[in-house]
Amino acid sequence: MVTKAVRLYGEMDVRLEEFQLPEMKEDEILAEVVTDSLCMSSYKAVTQAQRHKKVPEDIEENPVILGHEFCGRILQVGEKWKDQYQPGDKFVIQPNIGDKRGYAPGYSFRWMGGDATKIIFSNQVMENGSLLKYQGDTFFEGSLVEPLSCVVGAFNAQYHMKEMYSHEHVMGIREGGAMALLGATGPMGFLAIDFAIHGPKKPSVLVVTGRTQSKIDMAEKLYPVKEAAQNGVKLVYVNTRNMEDTAKTLCQYTEDQAGFDDVMIFAPDREMVSYGADMLKYDGCLNFFSGPADTAFSADVNFYDIHYNSTHFVGTSGGNTADMKQSIELIENKTVNAAKIVTHVLGLDQAAETTKHLPEIGGGKKIVYTHHKYPVIEVDKIGEISENNFIKGLKTILAKHGYLWSGEAERYFMNNAPDI
C-alpha cells in the first residue's frame, strides 16, 4: 500500500515523501488519515529532533511520520481486532499510548502519524485502548479532540481538599470558585475559556489575561462576556502588559480580594508562574499547562504559602484516554465549539514548511487535509486572496458561518481542492 507522508529525518529536516507501507499484520489496522491539526509540539520535535524525549535516535535511517492530532477512517482490520473495529469506522487517536519509552504516534513511529494519507496502527495502540471511535459530523473537529483533551485533562487534574485539614481531595476545578487563565489568548487558552463556560464544572468568576490587546479582543469576540453570564460565569478579560503588581490587581476581581481557587498558566513565563502562585487563595491549585522547551526552566515560588496556605501545584502534558472520551462527547454534542480555534487550512503539500514556521505564522489551529494539495488559507482573511472559482465558492460558505470553518466548508474543500 502506497502512502504519502511528512517525515522527520533530523533537526529541521522534514520531507514530504511517497513510499510503500509494509504489509499489514493480523494484529494491526490499516487506516486513512483525512485531517491533521498542526501542533506546536510537532514544531518542538522538528527543532529538537533526536534530542526530543519522544523522538528515536535513528531517524536518519528510519524517519518518523509527524502529526498526532488526526482523524480519519479505518480501511482494513486485522483478524485480532475484527470484533471491535470495522472498515469505515471514523476514528481519533490518543497519542499517549502507554509506551515505556515515552514514544507516541506523530513523534516516534515509521508507519503511524497524522501527516499522511494512509498509515498502519500497531497492536500497541489498540491494546492500550488508544484507537477511539468518533461519530462527529466533521473530520477537522475530530482532529481537535486531542488538543481539547489536553485542556479537559488539565481541568480534571486540579484538586482541592474535601474540607480544611483533610487529606481527602476533590478532583477537578472548584465549582463556583474563582478561576484565572493566564496568557490564555492562544488556541489552547481559547478552548479552556470555552470549557470553563460550558463544561460540567463552572467557576463563578473567570479572569482571562493576555498581553496583546488584539488577541484579547479576539477572545472576547469568540467568547462574549454576555454568553458567559448566561451560563452563570462572570467573565473578565484583562491586559496585563503594563501592570506593576499583577497578582494584587487580578485578585481584586475575586470575592473579598481573597484570591483564586484555580490558576492555569498558558505561557512558559517565569514571572507569570511567580505571580500566578501569589494569586492562589487557601487550598488554591495552580496548573502549569504550557510546556517549556528549556529543560532548566524554573521560577520563584513562595513556599511559605505552600506550607501555611496549603496551595497545590500540578503539571499536565496531554490528556489520558478518559479525557479523550470526554472530549469526543463534548465535540459530538456541540457542547464546545472547536471550530472557533481554526484559523488556517492547507493541503499536505504545505504541512512540512508550515510546521517548521508555526511560531512565525501565529493564529490558532492549522488543519491539514492530507489527501489534497493547496496553499495555506487564512480563514478569516479569505477576502484578501485573489479570487478564482474555488475561492469564490469557499468565501460564500465562510460568510454564511461568520468566517468560521465548518462542516460545509470542509466538504467543499474536500470535494474541490486538488488531490495530492
### Query
Sub-3.5 Å donor-acceptor pair from the side chain of Ser42 to the main-chain atoms of Leu38, do we have one?
no

### Spacing of CE belonging to Met279 relative to CG belonging to Asp305, to within rounding of 0.5 Å
13.0 Å

### Query
Between atom CG of Asn309 and atom OH of Tyr282, what is the distance when rounded to the nearest 0.5 Å?
8.0 Å

### Polar contact flag, side-chain donor to acceptor under 3.5 angstrom, Gln326-Asn156
yes

### Query
Less than 4.5 Å apart, any side-chain heavy atom of Val376 and any of Lys366?
no

### Pair Asp13 + Arg15: basic N to acidic O under 4.0 Å
yes

### Test item: Phe195 and Leu330 side chains (from C-beta on) under 4.5 Å apart, heavy atoms
yes

### Task
Taking only Lys NZ, Arg NE, NH1 and NH2, and the carboxylate oxygens of Asp or Glu, determine whether Glu387 and Lys392 approach each other closer than 4.0 Å.
no

### Query
Hey, are Gln124 and Tyr103 close enough side-chain-wise for a donor-acceptor pair under 3.5 Å?
no

### Message
Applying side-chain contact (heavy atoms from CB on, under 4.5 Å) to Tyr369 and Val345, what does each step give before you reach the verdict?
### Response
CA-CA 8 Å; Tyr369 286 90; Val345 296; 4.2 Å; yes

### Rounded distance [0.5 Å steps], OG in Ser327 versus OH in Tyr134
11.5 Å

### Flag, side chain of Thr355 to backbone of Tyr43, donor-acceptor distance under 3.5 Å
no

### Query
Take atom NZ in Lys340; do more than 12 heavy atoms of anything else shown fall under 6.0 Å from it?
yes

### Message
What I want to find out is whether Lys334 reaches Glu141 closely enough, with some N-O distance under 4.0 Å, to be called a salt bridge.
### Response
yes

### Query
Does atom NZ of Lys201 have more than 12 heavy-atom neighbours from other groups under 6.0 Å away?
yes

### Query
So, Asn287 side chain and Gly315 main chain: donor-acceptor pair closer than 3.5 Å or not?
no

### Query
Looking only at atom types and distance, does a side-chain atom of Lys90 sit under 3.5 Å from a main-chain N or O of Gly136, one as donor and one as acceptor?
yes

### Task
On the 0 to 90° scale, with breaks at 30° and 60°, tag the His52-Tyr107 ring pair as parallel, tilted or perpendicular.
parallel

### Query
Between Ile391 and Ser386, what is the shortest heavy-atom contact and its length?
CG1-O, 4.3 Å

### Query
Do Phe413 and Phe140 have ring centroids that are under 6.0 Å from one another?
no

### Message
Please enumerate all residues that pass salt bridge (charged side-chain N to carboxylate O under 4.0 Å, His left out) together with Lys381, with sequence neighbours excluded.
### Response
Glu378

### Query
Around Glu127, counting heavy atoms of other residues, nucleotides and ligands shown, do more than 12 lie under 6.0 Å from its CD?
yes

### Query
Any side-chain donor paired with an acceptor under 3.5 Å for Asn123 and Glu28?
no

### Task
Indicate yes or no for a side-chain donor-acceptor contact from Asp283 to the backbone of Met161 under 3.5 Å, with no hydrogens or angles considered.
yes

### Message
Quick one: does any side-chain atom of Asn416 pair with a main-chain N or O of Tyr412 as donor and acceptor, under 3.5 Å?
### Response
yes

### Task
Answer yes or no on whether Lys133 is positioned over the face of Phe91, meaning its NZ or CZ is under 6.0 Å from the six-membered ring centre and within 45° of the axis.
no

#### Entry: Derivation and outcome, side chain to side chain donor-acceptor pair (under 3.5 Å), residues Gln213 and Asp217
CA-CA 6 Å; Gln213 191 58 45; Asp217 292 342; 2.9 Å; yes

### Glu146 and Met324: CA distance, side-chain angles, deciding distance, side-chain contact (heavy atoms from CB on, under 4.5 Å) verdict
CA-CA 6 Å; Glu146 195 280 337; Met324 283 285 292; 4.2 Å; yes

### Task
For His160 and Asp262, run side-chain contact (heavy atoms from CB on, under 4.5 Å): C-alpha distance rounded to whole Å, both residues' side-chain angles, the deciding distance at 0.1 Å, then the answer.
CA-CA 9 Å; His160 302 278; Asp262 295 281; 2.9 Å; yes

Can you give the donor-acceptor pairs under 3.5 Å from side chains of residues 180-194 to other protein atoms, not counting sequence neighbours?
unit_1	atom_1	unit_2	atom_2	d
Asp194	OD1	His198	ND1	2.6
Asp194	OD2	Asn337	N	3.1

### Message
Quick one: does any side-chain atom of Ser166 pair with a main-chain N or O of Glu168 as donor and acceptor, under 3.5 Å?
### Response
yes

### side-chain contact (heavy atoms from CB on, under 4.5 Å) assessment of Gln86 paired with Ile74
CA-CA 7 Å; Gln86 292 76 43; Ile74 290 174; over 6 Å; no

### Query
Ile29 versus Met126: any side-chain heavy-atom pair under 4.5 Å?
yes

### Donor-acceptor pair, side chain of Asn302 and main chain of Tyr304, under 3.5 angstrom
yes

### Message
Quiz question: by atom type and distance under 3.5 Å, do the side chains of Ser130 and Asn128 form a donor-acceptor pair?
### Response
yes

#### Entry: Option passing side chain to side chain contact (heavy atoms under 4.5 Å, CB included) with Val145 (candidates Ile328, Leu132, Ile93)
Ile328

### Task
Using the ring-ring contact (aromatic ring centres under 6.0 Å, His included) rule, collect all pairs that involve residues 236-274, keeping only residues at least two apart or in two chains.
Phe266-Phe289

## Note on the structure
Output for pair (Leu235 CG, Met179 CE), nearest 0.5 Å, gives 12.0 Å

### Exercise: do His371 and Glu32 side chains pair donor with acceptor under 3.5 Å
yes

### Query
Roughly how far, to the nearest 0.5 Å, is the NZ atom of Lys202 from the CD1 atom of Ile173?
9.5 Å

### Query
Are Asp294 and Arg270 ion-paired here, with the side-chain N under 4.0 Å from a carboxylate O?
yes

### Query
Hey, is Arg411 close enough to Glu408 for a salt bridge, meaning N to O under 4.0 Å?
no

### Task
Please check if atom CG in Asn389 has more than 12 non-hydrogen atoms from other residues, nucleotides or ligands closer than 6.0 Å.
no

### Query
So does Gln252 have more than 12 non-hydrogen atoms from other groups sitting under 6.0 Å from CD?
yes

### Message
Can you tell me if Glu255 has over 12 outside heavy atoms packed within less than 6.0 Å of its CD?
### Response
no

### Query
Looking only at atom types and distance, does a side-chain atom of Arg174 sit under 3.5 Å from a main-chain N or O of Val170, one as donor and one as acceptor?
no

### Query
Got a sec: does the CD of Glu360 have more than 12 other heavy atoms crowding it under 6.0 Å?
yes

### Query
Has the side chain of His372 got a donor or acceptor atom that lies under 3.5 Å from a matching backbone atom of Ala417?
yes

### Message
Applying side chain to side chain donor-acceptor pair (under 3.5 Å) to Tyr85 and Gln76, what does each step give before you reach the verdict?
### Response
CA-CA 9 Å; Tyr85 303 95; Gln76 188 177 341; over 6 Å; no

### Message
So, taking the atom named CG in Leu148 and the one named CD in Glu69, what distance separates them when rounded to the nearest 0.5 Å?
### Response
11.0 Å

### Query
Between the side chains of Ser143 and Thr35, does any donor sit under 3.5 Å from an acceptor?
yes

### Query
Hey, are Asp269 and Arg211 close enough for a salt bridge, meaning a charged N less than 4.0 Å from a carboxylate O?
yes

#### Entry: Min side-chain heavy-atom separation Ile97-Phe109 under 4.5 Å
yes

#### Entry: Distance-only donor-acceptor check, side chains Thr117 and Thr370, under 3.5 Å
no

### Query
Quick one: are the ring centres of Phe390 and Tyr374 less than 6.0 Å apart?
yes

